[in-house]
Amino acid sequence: MPEGHSVHRIARQFARSFVGPPVQVSSPQGRFAQGAARLDGHAIVESRAVGKQMFLEFDHHLWLRVHLGMYGAWDFAGDIVVDALSPAERGGRVTGDRVVGANEDSPWSIGAPRRTRLRMAESEKLQPELQEWPPAPVGAVRVRLLTPVAVADLRGPTACEVQTAEEVDATIAKLGPDPLVDGPAGEDVFVENVRKRNVAIGQLLMDQEVVAGIGNVYRAELLFRARLDPYRPGKDVPVELLRELWRDWSYLLGVGVETGQMLTMDGLTGEDLDRAKASRDDRHWVYHRTGEPCRVCGTPIAMAEMAGRNLYWCPKDQT
DNA sequence: CATCGATGTTGAG
DNA sequence: TCAACCTCGATGG
């Protein structure tokens with residue numbers, strides 16, 4: 001799944017393109033038909049992301065809560081604004097933060113939505129232009145949000161439900177701090193959440209009640225950047241190291257939200273940066289690099305299962 | 001074209 | 001602790 005950065009980007013996409021006009025809400029697949037009926041025709045007034053969860057508030061004080069889980073994705077189409085993508089993903093069509101040229105040969109009438117299509121999941125990419133408006137749903141679309149100029153299709157989510165404001169509050173209350181929600185104040189909460197647990201720090205970083213938004217990639221990379229042994233119990237990690245971990249997570253999350261990619265290796269410039277953006281395998285210190293030489297000391301990167309997820313680390317540098 | 005694995009969570013046992 | 005959820009890119013034939 002998308003880790004925290006992509007969910008914040010998706011929330012931003014909704015804020016830009018869906019807040020305002022009344023929204024037709026439907027469930028082409030049928031599994032969300034009842035929920036869709038409760039939202040249909042209302043306007044979206046706010047879009048929020050907390051950790052890996054996204055919340056859309058409608059004008060009658062009901063919310064749509066979405067968690068993408070492992071395979072969930074949003075497909076946006078129509079007159080939407082697209083953030084800068086990497087060279088591999090942009091296909092030469094993005095200038096600044098607008099897609100240009102998409103309608104230059106368009107037979108569409110003036111005022112029709114642009115035909116841009118953008119898929120937002122764990123990665124983002126522009127897709128072939130639309131041929132019709134509104135586009136026919138493809139596959140199992142759990143929920144479709146349609147305005148006069150933009151459409152968003154959700155497929156494969158772990159969670160998709162209507163919540164009251166109280167239920168939204170309760171959901172968020174169970175989550176640990178998110179740097180983009182709680183700001184620097186989240187640091188003390190994070191430190192306390194970790195220090196009171198006799199559980200491996202590698203496991204605590206993945207626990208959404210301890211800190212929200214970190215997934216398997218950021219977990220491995222944060223631990224390497226801190227040169228921290230994933231198996232050290234939370235209560236034994238020095239407070240100052242935990243503060244550095246929180247600040248590094250805040251930093252990496254910001255980079256992820258701005259670039260749309262999990263760029264966890266600092267100091268890359270020029271061709272090295274382009275290579276990291278183009279290839280997932282050249283992008284990380286330890287994630288998915290089992291047996292490869294550590295980029296710092298050359299020791300083969302280790303991999304083991306921790307609480308059902310693959311953990312990657314350098315057994316020499318991380319102590 | 002078939003198979004595998006994945007950036008995640010939930011609920012059953 | 002494990003299967004289920006349900007999608008798709010990567011990989012191998």
Side-chain angles (χ1 to χ4, degrees), chain A residues 1-10 27-32 49-55 65-75 86 88-89 117-128 137-143 153-161 163 167 170-172 174-176 178 199-200 202-224 230 249 252-253 255-257 259-265 276-291 303-313:
Chain A
M1 165 212 182
E3 301 194 24
H5 71 297
S6 2
V7 182
H8 280 282
R9 281 174 71 86
I10 290 167
S27 178
Q29 171 208 47
R31 281 183 55 181
F32 188 63
V50 183
K52 300 171 188 172
Q53 315 221 22
M54 191 189 67
F55 305 87
R65 177 180 78 94
V66 170
H67 193 303
L68 292 177
M70 187 79 90
Y71 341 96
W74 283 100
D75 288 330
S86 69
E89 290 155 326
R117 283 209 295 160
L118 174 70
R119 179 174 186 79
M120 297 186 84
E122 90 285 0
S123 62
E124 302 171 23
K125 61 183 177 188
L126 288 175
Q127 304 199 300
V138 176
V141 175
R142 184 76 57 85
V143 58
D153 284 342
L154 170 68
R155 49 183 15 100
T158 281
C160 172
E161 66 168 346
Q163 287 189 317
E167 289 168 333
T171 300
I172 294 174
K174 288 179 193 162
L175 296 172
D178 174 332
V199 172
Q203 199 169 322
L204 292 176
L205 288 184
M206 295 275 287
D207 185 338
Q208 302 301 301
E209 296 184 16
V210 172
V211 51
I214 297 178
N216 208 13
V217 178
Y218 280 130
R219 179 262 297 265
E221 297 291 292
L222 283 164
L223 288 169
F224 179 84
W249 166 229
L252 288 183
L253 179 60
V255 171
V257 169
T259 66
Q261 300 176 52
M262 288 185 272
L263 298 174
T264 57
M265 289 195 295
K277 287 188 171 186
S279 164
R280 329 193 59 119
D281 294 334
D282 282 334
R283 193 175 290 181
H284 303 302
W285 290 106
V286 294
Y287 178 76
H288 228 295
R289 296 192 67 242
T290 310
M303 193 269 278
E305 201 172 292
M306 176 181 274
R309 306 299 299 279
N310 288 335
L311 168 71
Y312 306 86
W313 80 105

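Only this structure's heavy atoms are used, side chains among them; waters, hydrogens and symmetry mates stay out. Reminder, nothing fancy here: chain letters follow the sequence lines and each chain counts from 1.
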Q: To the nearest Å, give me how far apart CZ (A:R289) and P (B:dT7) are.
A: 17 Å

Q: In what stems does DNA chain B take part, counting only runs of at least 3 consecutive Watson-Crick or G-U pairs whose two distances fall under 3.5 Å?
A: B:1-6 with C:7-12, B:8-12 with C:1-5

Q: If only side-chain N and O atoms of A:N310 are considered, is one of them under 4.0 Å from the OP1 or OP2 phosphate oxygen of B:dA6?
A: yes

Q: Counting the atoms with a prime plus P, OP1 and OP2 as sugar-phosphate, which does A:A73 contact under 4.0 Å by heavy atoms, base, sugar-phosphate, or nothing?
A: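 If one applies the 4.0 Å heavy-atom cut-off, A:A73 turns out to touch nothing in the nucleic acid.
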
Q: Please identify each residue that fulfils side chain to side chain contact (heavy atoms under 4.5 Å, CB included) with A:A170, with sequence neighbours left out.
A: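 Side chain to side chain contact (heavy atoms under 4.5 Å, CB included) check on A:A170 returns nothing, list empty.
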
Q: Tell me: CG of A:L68 to P of C:dC8, nearest whole Å?
A: 12 Å

Q: Specify the closest pair of heavy atoms between A:M70 and A:T158, including all atoms of both residues, with the distance to one decimal.
A: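 Closest approach of A:M70 to A:T158, heavy atoms only: N-OG1, 4.2 Å.
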
Q: What is the distance from NE2 of A:H284 to P of B:dT7, rounded to the nearest Å?
A: 11 Å

Q: Can you list the residues that meet the side-chain hydrogen bond (donor to acceptor under 3.5 Å, both in side chains) rule with A:H8, with sequence neighbours excluded?
A: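 Per chain and number, A:H8 pairs via side-chain hydrogen bond (donor to acceptor under 3.5 Å, both in side chains) with A:D178.
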
Q: For A:R65, give me all partners under salt bridge (charged side-chain N to carboxylate O under 4.0 Å, His left out), at least two apart in sequence or on another chain.
A: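 A:R65 satisfies salt bridge (charged side-chain N to carboxylate O under 4.0 Å, His left out) with A:E161 only.
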
Q: Choosing from B:dT7, B:dT9, C:dT7, which nucleotide comes nearest the side chain of A:K52?
A: B:dT9

Q: For A:N216, enumerate each residue passing the side-chain hydrogen bond (donor to acceptor under 3.5 Å, both in side chains) test, keeping only those at least two apart in sequence or located in another chain.
A: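 In terms of side-chain hydrogen bond (donor to acceptor under 3.5 Å, both in side chains), with neighbours along the sequence ignored, A:N216 is linked to A:R219.
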
Q: Could you list the residues that satisfy side-chain hydrogen bond (donor to acceptor under 3.5 Å, both in side chains) with A:R119, not counting sequence neighbours?
A: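 If we apply the side-chain hydrogen bond (donor to acceptor under 3.5 Å, both in side chains) test to A:R119, skipping adjacent residues, the hits are A:D75.
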
Q: From CE of A:M120 over to C1' of C:dC8, roughly how many Å is that when rounded to an integer?
A: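 In whole Å, C:dC8 C1' lies 18 Å from A:M120 CE.
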
Q: Examine A:Y312 together with A:H284 and report whether their ring centres are nearer than 6.0 Å.
A: no

Q: On a heavy-atom basis, which atom in A:C160 and which in A:V143 lie closest, and how many Å separate them?
A: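 For A:C160 and A:V143, the tightest heavy-atom pair comes out as SG-CG1, 4.1 Å.
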
Q: Could you give the CG-to-P distance, from A:D75 to C:dC8, as a whole number of Å?
A: 8 Å

Q: On DNA chain B, does the nearest nucleotide to A:Y312 precede the nearest nucleotide to A:Q208 from the 5' side, or the other way round? Give the residue.
A: A:Y312

Q: Under 3.5 Å, which N/O atoms of the protein pair with N/O atoms of nucleotides 3-5 of chain C?
A:
{"unit_1": "C:dC5", "atom_1": "N4", "unit_2": "A:Y71", "atom_2": "OH", "d": "3.1"}

Q: Applying salt bridge (charged side-chain N to carboxylate O under 4.0 Å, His left out) as the test, list every pair that has at least one member in residues 203-217 of chain A; sequence neighbours left out.
A: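 Residue pairs with at least one partner in residues 203-217 of chain A: A:R197-A:D207.
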
Q: For A:Q203, enumerate each residue passing the side-chain hydrogen bond (donor to acceptor under 3.5 Å, both in side chains) test, keeping only those at least two apart in sequence or located in another chain.
A: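 side-chain hydrogen bond (donor to acceptor under 3.5 Å, both in side chains) check on A:Q203 returns nothing, list empty.
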
Q: Taking CZ from A:R283 and P from B:dT7, how many angstroms apart are they, rounded to a whole number?
A: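 Checked: the CZ to P distance equals 15 Å.
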
Q: By the 4.0 Å heavy-atom rule, please label A:R119 as base, sugar-phosphate, or nothing.
A: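 Sugar-phosphate, no base atom in range.
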
Q: Whole Å only: how far is the NE2 atom of A:H67 from the C1' atom of B:dT7?
A: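 Going from NE2 in A:H67 over to C1' in B:dT7 covers 11 Å.
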
Q: Scan nucleotides 11-13 of chain B against the protein and return all N/O pairs shorter than 3.5 Å with their distances rounded to 0.1 Å.
A:
none

Q: Rounding to a whole Å, what distance do you find between A:K174:NZ and B:dT9:P?
A: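 A:K174 atom NZ is separated from B:dT9 atom P by 14 Å.
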
Q: Quick one: list whatever passes ring pair (Phe, Tyr, Trp, His ring centres under 6.0 Å) with A:F224, sequence neighbours left out.
A: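 Counting only residues at least two positions away or on another chain, A:F224 forms a ring pair (Phe, Tyr, Trp, His ring centres under 6.0 Å) with A:W285.
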
Q: What's the shortest heavy-atom distance between A:E124 and A:G260, and which atoms?
A: OE2-CA, 4.1 Å

